[in-house]
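Worksheet: the structure to be examined is printed underneath.
None of these values were measured; they are calculated from a predicted model.
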Amino acid sequence: MPVTLTLDAVEPLLRRALDEDLDKAGDITSNAIIPDSAHARAVMRARKPGVLAGVEGAARVFTMLDAQAKISIVAKDGNLLKAGQDILSVDGNARAVLAAERTALNYIGHLSGIATETRKMVDLVRGTKAHVCCTRKTNLGLRLPEKHAVRMGGGDNHRTGLFDAILIKDNHIAVAGGIRPAVEKALAARKPGVRLEVEVDSIDQLKKILDLPVDAVLLDNMTPDKMRACVDLVGGKFTLEASGGITAANIRAVAESGVDIISLGWLTHSAPALDIGLDIDI
């Protein structure tokens with residue numbers, strides 16, 4: 001299901017981040033050096049090319065510390081950025097601008113890094129039917145923003161959480177006494193409209209559930225050759241998802257195996273931040 005990110009959803013996260021940075025004493029450096037009445041204008045710019053994500057949240061950080069600050073957003077989420085390109089400007093209390101700087105940059109840099117890496121993977125599989133997708137391997141408290149960032153990079157969202165789809169994994173199978181009993185129980189319990197997917201790590205496991213009405217099968221840590229064999233065996237009966245050990249080096253081969261979805265946990269938990277800076281322009 002695609003994730004829709006709103007400022008209402010992200011504001012508590014940003015507030016916690018500010019509280020973590022400022023604690024009770026606030027920005028003691030700026031408070032010691034800069035008069036309380038001082039004004040500053042600052043411009044946020046991309047220092048490297050990439051895909052933008054998180055601009056609305058980053059702008060909100062500044063107004064959380066200075067409600068009178070004037071923000072001008074000149075680039076939108078999903079935009080391709082060039083090095084040196086302006087993203088937004090802020091005019092406001094100098095202390096507030098400096099106190100908000102790092103939280104705003106951490107947020108937008110992290111999300112833009114995810115969007116940038118996602119776009120790279122999407123470009124690598126272009127021309128195949130495979131869709132690049134994220135997983136639940138998100139950083140604590142950042143799931144909605146990170147999944148939004150994946151979409152800004154041209155990727156798709158997997159289930160949002162444990163609550164919106166059934167995905168039977170290896171540990172479920174172990175506890176349930178086997179893959180077929182696990183799937184049969186899930187089929188009997190699922191409500192109408194709930195997607196049911198099953199993880200398999202071998203062709204033998206796949207054969208055990210071929211006759212069951214599941215929606216999708218996740219091929220876990222298989223080689224492209226084994227994935228291709230699974231694609232042939234399934235014959236389009238249900239969606240096939242590839243996951244595990246997929247990088248920029250092998251994602252094209254995975255896509256060419258004929259799978260429908262390629263899910264990458266590292267997109268959200270390990271993508272490097274995009275280099276974005278804030279420059280004072282008094």
Side-chain heavy atoms of [X] within contact of [Y], under 4.5 Å:
X    : Y    : result
I276 : S112 : yes
E146 : N139 : yes
Y107 : L13  : yes
M64  : R15  : yes

TODO: Apply the side-chain contact (heavy atoms from CB on, under 4.5 Å) test between I262 and each candidate in V125, T128, V122; give the one that qualifies.
DONE: V125
NZ/NE/NH1/NH2 to OD/OE distance under 4.0 Å, [X] and [Y]:
X    : Y    : answer
D215 : R195 : no
R45  : D279 : yes
D27  : R95  : no
K24  : D19  : no

Task: Sequence neighbours excluded, every pair satisfying salt bridge (charged side-chain N to carboxylate O under 4.0 Å, His left out) that has a member inside residues 173-185 - done: R180-E184, R180-D211
Task: Qualifying salt bridge (charged side-chain N to carboxylate O under 4.0 Å, His left out) pairs with a residue from residues 238-249, counting only residues at least two apart or across chains - done: none
Task: Worked check of side chain to side chain contact (heavy atoms under 4.5 Å, CB included) between T160 and L144 - done: CA-CA 8 Å; T160 303; L144 293 183; 4.2 Å; yes
Distance-only donor-acceptor hits, side chain of residues 5-12, under 3.5 Å, sequence neighbours excluded:
| residue | atom | partner | partner atom | Å |
| --- | --- | --- | --- | --- |
| T6 | OG1 | A9 | N | 3.2 |
| E11 | OE1 | R60 | NE | 3.2 |

TODO: Report yes or no: do R228 and S257 form a side-chain donor-acceptor pair below 3.5 Å?
DONE: no
TODO: Applying side chain to side chain contact (heavy atoms under 4.5 Å, CB included), run through R119 and L80 and close with a yes or a no.
DONE: CA-CA 10 Å; R119 180 63 60 88; L80 292 174; 3.3 Å; yes
- [ ] Before giving the answer on side chain to side chain donor-acceptor pair (under 3.5 Å), spell out for H148 and D77 the whole-Å C-alpha distance, their side-chain angles and the decisive distance to 0.1 Å.
- [x] CA-CA 10 Å; H148 166 79; D77 280 12; 2.7 Å; yes
- [ ] Identify, with sequence neighbours excluded, every residue that meets side chain to side chain contact (heavy atoms under 4.5 Å, CB included) alongside A115.
- [x] V51, A53, M152
Task: Partners passing side chain to side chain contact (heavy atoms under 4.5 Å, CB included) against A273 (at least two apart in sequence or in another chain) - done: none
TODO: Take D66 and V90 through the side chain to side chain contact (heavy atoms under 4.5 Å, CB included) test and state the conclusion after the steps.
DONE: CA-CA 10 Å; D66 178 6; V90 53; over 6 Å; no
Task: Pairing residues for H172 by the side-chain hydrogen bond (donor to acceptor under 3.5 Å, both in side chains) criterion, not counting sequence neighbours - done: none
